[in-house]
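Okay, structure first, notes after.
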Amino acid sequence: MTELTVDEPEDRQRTPRRLMANPRTVAEAEAVQDRLRPLVDLVGPGPTTPRRVAGLDVAYAEDGQRLVAAVVVLDARTLAVVDSAVVAGRVAFDYVPGLFAFRELPTLLEALDRLTTQPDLLVCDGHGFAHPRRFGLACHLGVLTGLPAIGVGKTPLVGQWDAPAEQRGSWSPLRDGPETVGRVLRTQDGVKPVFVSVGHRMDLDNACARVLASSPRYRLPETTRQADQLCRTALAARIVDGLD
DNA sequence: GCGACAG
DNA sequence: ATCTTGTCGC
């Protein structure tokens, strides 16, 4: 299902081993990020009018070890759900700010592999370029799948910014030192803004345009909301194999 | 040395 | 992320 594997039918659902490094220590994890970082395409410009947009999210079980990942594909124009996948898994790494992606990556990739419909944009729950080593979850998912990706965070990880105007669509640059790493974007009038950053094969302007187009009514994009609802429901009702 | 720190 | 009660507002 991923672009990187289309030439290997017998292996089409597996991300190449050379990119699947599963670190066991903080040093190894940071090394993986530094190695993949050069593969990120920050220019894009990415699809201005994508057909299908995917939202990804994860819900954690009570023990904090098991989790359920969900991917929901929406029609970019109507925002109607056209496909989805839910997978149960295990936390693959302890939570460390900056290494968050390693916790959910294996299960999220598995869920992406189970889609029937190929999305042309991934909207990730977390940051992309707005990361200490400029390689957050959105960059990681983008590079591993080869798909355009953007990161939408609810809270900051790095950078400083000025509050954007209260109107929907207003934004201010998110800067980490001298460089702009993302934007603080107001998706609804008078509502707390979100943190948008490039993941892969997209420019920042387009990334913000896509986020706004996906958030007609609420603070978070419909993609994120649908994915959140799906994995949360699947976990609570245990309607997913491999749990318990 | 002391905070901050995606989900 | 998840644990948690009520509360203000559409």
Side-chain angles (χ1 to χ4, degrees), chain A residues 23 26 29-30 32-33 36-37 40 55-72 86-109 111 122-144 149-161 166 168 174-177 181-185 187-200 204 207 211 216-221 223-238 240 243:
Chain A
V26 167
E30 293 178 338
V32 170
Q33 294 181 326
L36 298 182
R37 156 89 185 77
V40 175
L56 307 84
D57 194 25
V58 165
Y60 291 80
E62 310 70 34
D63 60 14
Q65 286 303 303
R66 293 168 300 168
L67 54 77
V68 174
V71 181
V72 176
V86 192
V87 174
R90 274 193 159 274
V91 166
F93 204 86
D94 288 327
Y95 175 67
V96 178
L99 300 180
F100 160 69
F102 293 100
R103 291 172 71 74
E104 319 183 331
L105 220 37
T107 314
L108 283 173
L109 289 171
L122 303 180
V123 178
C124 309
D125 193 3
H127 300 98
F129 191 69
H131 174 278
R133 280 171 300 285
R134 307 292 181 260
F135 196 74
L137 175 65
C139 297
H140 212 140
L141 278 168
V143 167
L144 295 189
I150 60 184
V152 180
K154 296 182 284 294
T155 61
L157 173 60
V158 296
Q160 37 278 150
W161 66 96
E166 293 298 318
R168 163 181 155 86
L174 175 61
R175 296 200 185 80
D176 192 10
V181 297
R183 275 181 198 169
V184 181
L185 177 68
T187 54
Q188 296 299 325
D189 291 358
V191 168
K192 188 201 298 187
V194 297
F195 299 77
V196 179
S197 60
V198 171
H200 187 50
L204 193 49
V211 170
R217 167 110 202 247
Y218 300 99
R219 180 196 177 213
L220 299 178
T223 38
T224 300
R225 301 184 72 251
Q226 293 293 337
D228 178 79
Q229 203 246 38
L230 180 54
C231 61
R232 215 179 277 237
T233 301
L235 174 64
R238 293 302 196 264
V240 53
L243 218 58

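Here is the naming used below: chain letters follow the sequence lines, and residue numbers restart at 1 for every chain.
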#### Entry: Check: A/D189 side chain, A/R168 main-chain N or O, donor-acceptor pair, under 3.5 Å
yes
### Message
Any base atoms under 4.0 Å from A/L108, or only sugar-phosphate, or nothing? Heavy atoms, all strands.
### Response
nothing
### Task
Go through B/dG7, B/dC5, C/dT2 for me and flag the one nearest to the A/T155 side chain.
B/dG7
### Query
Rounding to a whole Å, what distance do you find between A/R133:CZ and B/dC5:C1'?
12 Å
### Query
For the pair made of CG in A/L56 and P in B/dG7, what is the distance, rounded to whole Å?
14 Å
### Query
When you look at A/K154 and A/D125, which way does the side chain to side chain contact (heavy atoms under 4.5 Å, CB included) test go after all the steps?
CA-CA 8 Å; A/K154 296 182 284 294; A/D125 193 3; 2.9 Å; yes
### Under 3.5 Å donor-acceptor, A/Q33 side chain and A/G98 backbone
yes
### Message
What contact category does A/G153 fall into here, base, sugar-phosphate, or nothing, at under 4.0 angstrom with non-hydrogen atoms?
### Response
sugar-phosphate
### Query
Just how far, in rounded Å, is P of C/dT2 from CZ of A/R66?
13 Å
### Query
OP1 or OP2 of B/dG7 sitting under 4.0 Å from any side-chain N/O of A/K154?
yes
### Message
Classify A/F100 by what it touches in the nucleic acid, base, sugar-phosphate, or nothing, heavy-atom distance under 4.0 Å.
### Response
base
### Nucleotide C/dA1, atom P - distance to CG of A/L137 in whole Å
13 Å
### Query
What nucleotide, of C/dA1, B/dG7, B/dA6, holds the atom closest to the side chain of A/D57?
B/dG7
Produce the list of close N/O pairs, under 3.5 Å, pairing protein atoms with atoms of nucleotides 4-10 of chain C; give distances to one decimal.
none

#### Entry: Per-nucleotide pairing state of DNA chain B [Watson-Crick or G-U, under 3.5 Å; [ ] pseudoknot-crossing; | other strand]
.......
### Query
Side chain of A/E104, backbone of A/L109: donor and acceptor closer than 3.5 Å?
no
### Message
Over all strands shown, is A/G151 touching base, sugar-phosphate only, or nothing at heavy-atom distances under 4.0 angstrom?
### Response
nothing
### Candidate nucleotides B/dG7, C/dT2, B/dA6, ranked by approach to the side chain of A/P97 - the nearest
B/dA6
### Query
Would you call the rings of A/F135 and A/H140 parallel, tilted or perpendicular if under 30° counts as parallel and over 60° as perpendicular?
tilted
### Message
Could you check whether any side-chain N or O of A/R238 sits under 3.5 Å from a backbone N or O of A/L243, counting only pairs where one atom can act as donor and the other as acceptor?
### Response
no
### Task
Answer yes when A/R225 and A/D57 have at least one side-chain N-carboxylate O distance shorter than 4.0 Å, and no when they do not.
no
### Task
Measure from CG on A/D125 to C1' on B/dG7 and round the result to the nearest Å.
7 Å
#### Entry: Heavy-atom donor-acceptor pair, A/R134 side chain to A/C139 backbone, under 3.5 Å
no
### Check: A/T155 main-chain N/O paired with A/H127 side-chain donor or acceptor under 3.5 Å
yes
### Task
Would you indicate what A/P132 reaches in the nucleic acid, counting non-hydrogen atoms under 4.0 angstrom: base, sugar-phosphate, or nothing?
nothing
### Query
Within this structure, what is the CG-to-P distance between A/D176 and B/dA6, rounded to whole angstrom?
14 Å
### Query
Within the distance-only criterion (no hydrogens, no angle test), does the side chain of A/R103 pair as donor or acceptor with the backbone N or O of A/F93 below 3.5 angstrom?
yes
#### Entry: Short side-chain N/O contact from A/Y95 to OP1 or OP2 of B/dA6, under 4.0 Å
yes
### Task
Rounded to the nearest angstrom, tell me the gap between atom CG in A/L235 and atom P in B/dG7.
18 Å
### Summary
Taken to the nearest whole Å, NE2/A/H140 to C1'/B/dG7 is 16 Å
